[in-house]
**Student:** 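Take this structure, written in structure tokens, and hold onto it; I'll ask about it next.
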Amino acid sequence: MTQSVVVQVGQCGNQIGCCFWDLALREHAAVNQKGIYDEAISSFFRNVDTRVVGDGGSISKGKIRSLKARAILIDMEEGVVNEILQGPLRDVFDTNQLITDISGSGNNWAVGHKVFGSLYQDQILEKLRKSAEQCDCLQCFFIIHSMGGGTGSGLGTFLLKMLEDEFPEVYRFVTSIYPSDEDDVITSPYNSILAMKELNEHADCVLPIDNQSLFDIISKIDLMVNSGKLGTTVKPKSLVTSSSGALKKCHKKPFDAMNNIVANLLLNLTSSARFEGSLNMDLSEISMNLVPFPRLHYLVASLTPLYTLADVSIPPRRLDQMFSDAFSKDHQLLRADPKHSLYLACALMVRGNVQISDLRRNIERLKPSLQFVSWNQEGWKTSLCSIPPVGHSHSLLALANNTCVKPTFMELKERYMRLYKKKAHLHHYLQVEGMEESCFTEAVSSLSALIQEYNQLDATKNMPVQDLPRLSIAV
């Protein structure tokens, strides 16, 4: 069994991380009722005897003593990390694996990347190495950050380059929260474009998520609950988006419900690596099968059914409807419509009481309505994990490598150009040591090249699929 380390950077990254670790603990508690430290738990947690000082306290098997998250918490303000350390999850985090400052990055990518990057490089590296040493078989670093601020975008992408240099064989999966049009950070287009250049060059897979999509999903769930369509029985054990039950302490801010969707995404993404199933999918297989070209590694995620995110008891919907929903634009975690764009590849990660025959039937049913690139008409990757989300019978996470991400990148570039043409706020960046105007021109060129790659793929849409001649073997 492999292990993964979660690196949560900035305010947004740490708030999502808080939700993720809470839900991960609840999920494993529901499955592992005997309290035995097994391989599934070891993927994200260490078992520590707190009575022993130093590394000698790690226990590889037997009863669970004290679980410690394989996590590194980084923020250049103290607020969110201090809040986590005073909350119900305080004992889950190793206080030696935290890095905080008091000044913050001031919504400036250059401060996060250039100033705090060089200032904290040695400390971050030491903590990364420490986390890696505590793993038997480290497979993946999950980075959680936002694109619009200073620490998440700047220091988060600085860290990404460090991971590539120090651990080239370990996968780098990045969950990036993109700002919405109404974002309250004026400089977020600058920060996002500068961060995207780093993501293009140093990430293995990026899961782009935008705040507006998360908000729309929460609004839809609220509407369904309030209209009475979902029923009204509270499910105390479900992975909830509201502030009821065990998560009351954690879910008290407006963004908590939205953060919780991202936490559910990460749980489902890793479920097949943690639990048994008739068709397992390793994290390495996601990158191998879904990323045909190194820069085109942006995967659009959708979660279905949405009611697995609500705290109400409802009759299960038809299984086939769950598969149909995964391809509708209402269920995407990015404002995108994959059904009317071009697929490079698609992964379906199913949890619960679902058969392989159900999977195959639905793929065959949906295939005629989906357009795949001519050279990868069978570009499906599937997994079946027998353990469903807590309190539910089944769920589906779809990951699409699809040209539908292009409009998000084009919109981001337009917002960037509106600021950059006026040179607005540019002086805040250029006064940071090591930051030059060429950093901006290189970043926007990198994004333009990425958009052009998607344009070239889109140009092949609706072209007839050629029946390639089979190899003739002379007898």
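Only this structure's heavy atoms are used, side chains among them; waters, hydrogens and symmetry mates stay out.
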**Student:** Is a donor on one side and an acceptor on the other found under 3.5 Å between the side chain of S118 and the backbone of V115?
**Tutor:**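 At least one qualifying donor-acceptor pair exists.
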**Student:** From L450 CG over to S446 OG, what is the distance, rounded to the nearest 0.5 angstrom?
**Tutor:**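 Answer rounded to 0.5 Å: 7.0 Å.
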**Student:** With a 4.0 Å cut-off, would you call K406 and E453 a salt bridge?
**Tutor:**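 No, no charged N to carboxylate O under 4.0 Å.
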**Student:** Is a donor on one side and an acceptor on the other found under 3.5 Å between the side chain of R274 and the backbone of S42?
**Tutor:**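 Pair absent, no side-chain N/O of R274 close to backbone of S42.
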**Student:** Working to the nearest 0.5 Å, report the span between CD1 of I177 and CG of L214.
**Tutor:** 6.0 Å
**Student:** If you define the side chain from C-beta out and look only at heavy atoms, does anything of Y171 sit under 4.5 Å from S284?
**Tutor:**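 With C-beta onward as the side chain, the pair touches.
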**Student:** Do we see a donor-acceptor contact under 3.5 Å between the side chains of S328 and K339?
**Tutor:**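 No, no side-chain donor-acceptor pair sits under 3.5 Å.
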**Student:** If we only count heavy atoms from C-beta on, is the I74 to V81 side-chain gap below 4.5 Å?
**Tutor:** no
**Student:** I'd like to know if K197 pairs up with E201 as an ion pair, taking the criterion as any Lys NZ or Arg NE/NH1/NH2 lying under 4.0 Å from an Asp or Glu carboxylate oxygen.
**Tutor:**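 Looking at E201 together with K197, the answer is yes, because their closest N to O distance falls below 4.0 Å.
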**Student:** Report yes or no: does H394 contribute a side-chain atom to a donor-acceptor pair with the main-chain N or O of G352 at less than 3.5 Å?
**Tutor:**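 No, because the side chain of H394 does not come within donor-acceptor range (under 3.5 Å) of the backbone of G352.
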**Student:** Taking all heavy atoms of V111 and all of S105, pick out the closest pair and write down the distance.
**Tutor:** CB-O, 3.7 Å
**Student:** Checking Q332 side chain against D337 main chain: does a donor-acceptor pair fall under 3.5 Å?
**Tutor:** no
**Student:** Could you grab the distance from atom CD of Q8 to atom CD1 of I144, nearest 0.5 Å is fine?
**Tutor:**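 Rounded to the nearest 0.5 Å, the CD-CD1 separation comes to 5.5 Å.
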**Student:** Is any side-chain heavy atom of H28 closer than 4.5 Å to a side-chain heavy atom of V31?
**Tutor:** no
**Student:** In this structure, which one of L265, I261, L334, I16 forms a side chain to side chain contact (heavy atoms under 4.5 Å, CB included) with I209?
**Tutor:** L265
**Student:** Where do Q355 and L384 come nearest, in terms of heavy atoms and distance?
**Tutor:** C-CD1, 3.8 Å
**Student:** Compute the centroid of each ring, for Y429 and then for H113, and state whether the two points are separated by less than 6.0 Å.
**Tutor:**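 Aromatic pair excluded; centres sit 6.0 Å or further apart.
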**Student:** Any heavy-atom pair between the side chains of P208 and T408 that's under 4.5 Å?
**Tutor:**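 Side-chain contact under 4.5 Å: no.
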**Student:** Just wondering, are more than 12 heavy atoms of other shown residues or ligands nearer than 6.0 Å to CD in E276?
**Tutor:**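 No, not enclosed.
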**Student:** Relative to the ring of Y298, is the ring of F409 parallel (under 30°), tilted (30 to 60°) or perpendicular (over 60°)?
**Tutor:**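 Plane angle over 60°, so perpendicular.
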**Student:** Any side-chain heavy-atom pair from L267 and F20 closer than 4.5 angstrom?
**Tutor:**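 With C-beta onward as the side chain, the pair touches.
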**Student:** Counting distance only, does the side-chain N/O of N191 pair as donor-acceptor with the main-chain N or O of N107 below 3.5 Å?
**Tutor:** yes
**Student:** Are more than 12 heavy atoms, taken from residues, nucleotides or ligands other than N353, located less than 6.0 Å from that residue's CG atom?
**Tutor:** no
**Student:** Is it the case that the side chain of N376 and the backbone of L344 share a donor-acceptor pair, with hydrogens and angles ignored and the cut-off at 3.5 Å?
**Tutor:**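 Yes, the answer is positive, given that a donor and an acceptor are paired below the 3.5 Å cut-off.
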**Student:** With salt bridge (Lys or Arg N to Asp or Glu O under 4.0 Å) as the test, would you mind laying out the steps for E364 and R361 before giving the verdict?
**Tutor:** CA-CA 5 Å; E364 289 304 316; R361 184 184 73 253; over 6 Å; no
**Student:** Between the side chains of Q139 and T2, does any donor sit under 3.5 Å from an acceptor?
**Tutor:** yes
**Student:** Under the salt bridge (Lys or Arg N to Asp or Glu O under 4.0 Å) criterion, do D216 and R335 qualify, and how do the steps go?
**Tutor:** CA-CA 10 Å; D216 291 346; R335 275 173 299 167; over 6 Å; no
**Student:** State the CE-OG1 distance between M322 and T304, to the nearest 0.5 angstrom.
**Tutor:**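 Between atom CE of M322 and atom OG1 of T304 there are 6.5 Å.
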**Student:** Please check if atom NZ in K329 has more than 12 non-hydrogen atoms from other residues, nucleotides or ligands closer than 6.0 Å.
**Tutor:**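 No, NZ of K329 has 12 or fewer neighbouring heavy atoms, counting only those of other groups under 6.0 Å.
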**Student:** Any heavy-atom pair between the side chains of D330 and K220 that's under 4.5 Å?
**Tutor:** yes
**Student:** Can you tell me if M417 has over 12 outside heavy atoms packed within less than 6.0 Å of its CE?
**Tutor:** yes
**Student:** Determine, for R129 against E166, whether the closest basic-nitrogen to carboxylate-oxygen distance falls under 4.0 angstrom.
**Tutor:** yes
**Student:** Using only atom types and a distance under 3.5 Å, with no angle test, would you say the side chain of S180 pairs donor to acceptor with the backbone of Q212?
**Tutor:**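 Not confirmed, S180 side chain does not pair with Q212 backbone.
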**Student:** Distance from F44 atom CZ to E27 atom CD, nearest 0.5 Å?
**Tutor:** 10.0 Å
**Student:** Is a donor from one side chain sitting under 3.5 angstrom from an acceptor on the other, for H392 and R351?
**Tutor:**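 Note: H392 and R351 side chains miss the donor-acceptor criterion.
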**Student:** If you compare all heavy atoms of V291 against all heavy atoms of D204, which two are closest, and at what distance to 0.1 Å?
**Tutor:** CG2-O, 4.1 Å
**Student:** Is Q377 reaching over with its side chain to a backbone N or O of V373, donor-acceptor style, under 3.5 angstrom?
**Tutor:** yes
**Student:** How about V7 and L159: do any of their side-chain heavy atoms sit closer than 4.5 Å?
**Tutor:** yes
**Student:** Return yes if a side-chain donor-acceptor contact under 3.5 Å exists between S219 and D222, otherwise no.
**Tutor:** no
**Student:** Under 3.5 Å, side chain of R172 to main-chain N/O of L163, donor-acceptor pair present?
**Tutor:**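 No; judged by distance alone, with no hydrogens or angles, the pair does not exist.
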**Student:** Is E437 paired with K423 through a side-chain N to carboxylate O contact shorter than 4.0 Å?
**Tutor:** yes
**Student:** Using every non-hydrogen atom in the two residues, find where S272 and S383 come nearest and quote the distance to one decimal.
**Tutor:**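 Looks like OG-CB, 3.9 Å.
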**Student:** I'd like to know whether CZ of F167 has more than 12 heavy-atom contacts from other residues, nucleotides or ligands below 6.0 angstrom.
**Tutor:** yes
**Student:** Does a side chain donor of either H145 or S176 reach within less than 3.5 Å of an acceptor in the other side chain?
**Tutor:**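 Yes, S176 and H145 have a side-chain donor paired with an acceptor closer than 3.5 Å.
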**Student:** Walk me through it: do F372 and C346 pass the test side-chain contact (heavy atoms from CB on, under 4.5 Å)?
**Tutor:** CA-CA 9 Å; F372 277 71; C346 183; 4.0 Å; yes
**Student:** Quick check: does any side chain N or O of K367 sit under 3.5 Å from a backbone N or O of N362, one acting as donor and the other as acceptor?
**Tutor:** no
**Student:** Answer with yes or no after comparing the ring centroid distance for Y416 and W109 against a 6.0 Å cut-off, counting only values under it.
**Tutor:**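 They do not qualify: ring centres at least 6.0 Å apart.
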**Student:** Checking V350 against L279 for the side-chain contact (heavy atoms from CB on, under 4.5 Å) test, could you report, in this order, the C-alpha distance in whole Å, the side-chain angles of both residues, the deciding distance, and whether it holds?
**Tutor:** CA-CA 9 Å; V350 185; L279 200 61; over 6 Å; no
**Student:** Given side-chain contact (heavy atoms from CB on, under 4.5 Å), test L303 with S395 step by step and report yes or no.
**Tutor:** CA-CA 8 Å; L303 281 170; S395 73; over 6 Å; no
**Student:** Could you walk me through whether M410 and K413 pass side-chain contact (heavy atoms from CB on, under 4.5 Å), step by step?
**Tutor:** CA-CA 5 Å; M410 290 170 69; K413 183 181 170 184; 5.6 Å; no
**Student:** Just wondering, more than 12 heavy atoms not from R360 lying within 6.0 Å of its CZ?
**Tutor:** no
**Student:** For F116 and G104, work out which heavy atoms get closest and say how close.
**Tutor:** CE1-O, 3.4 Å
**Student:** Would one find more than 12 heavy atoms of other residues, nucleotides or ligands at under 6.0 Å from atom CD1 of I186?
**Tutor:** no
**Student:** May I have the step-by-step check of ring-ring contact (aromatic ring centres under 6.0 Å, His included) for W375 and F293, ending in yes or no?
**Tutor:** CA-CA 13 Å; W375 40 264; F293 307 112; 5.6 Å; yes
**Student:** CZ/F440 to OH/Y420 distance, rounded to the nearest 0.5 angstrom?
**Tutor:** 7.5 Å
**Student:** Identify the two heavy atoms, one from A424 and one from Y190, that lie closest to each other, and give their separation to 0.1 Å.
**Tutor:**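 For A424 and Y190, the tightest heavy-atom pair comes out as O-OH, 2.8 Å.
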**Student:** P292 versus N401: any side-chain heavy-atom pair under 4.5 Å?
**Tutor:** yes
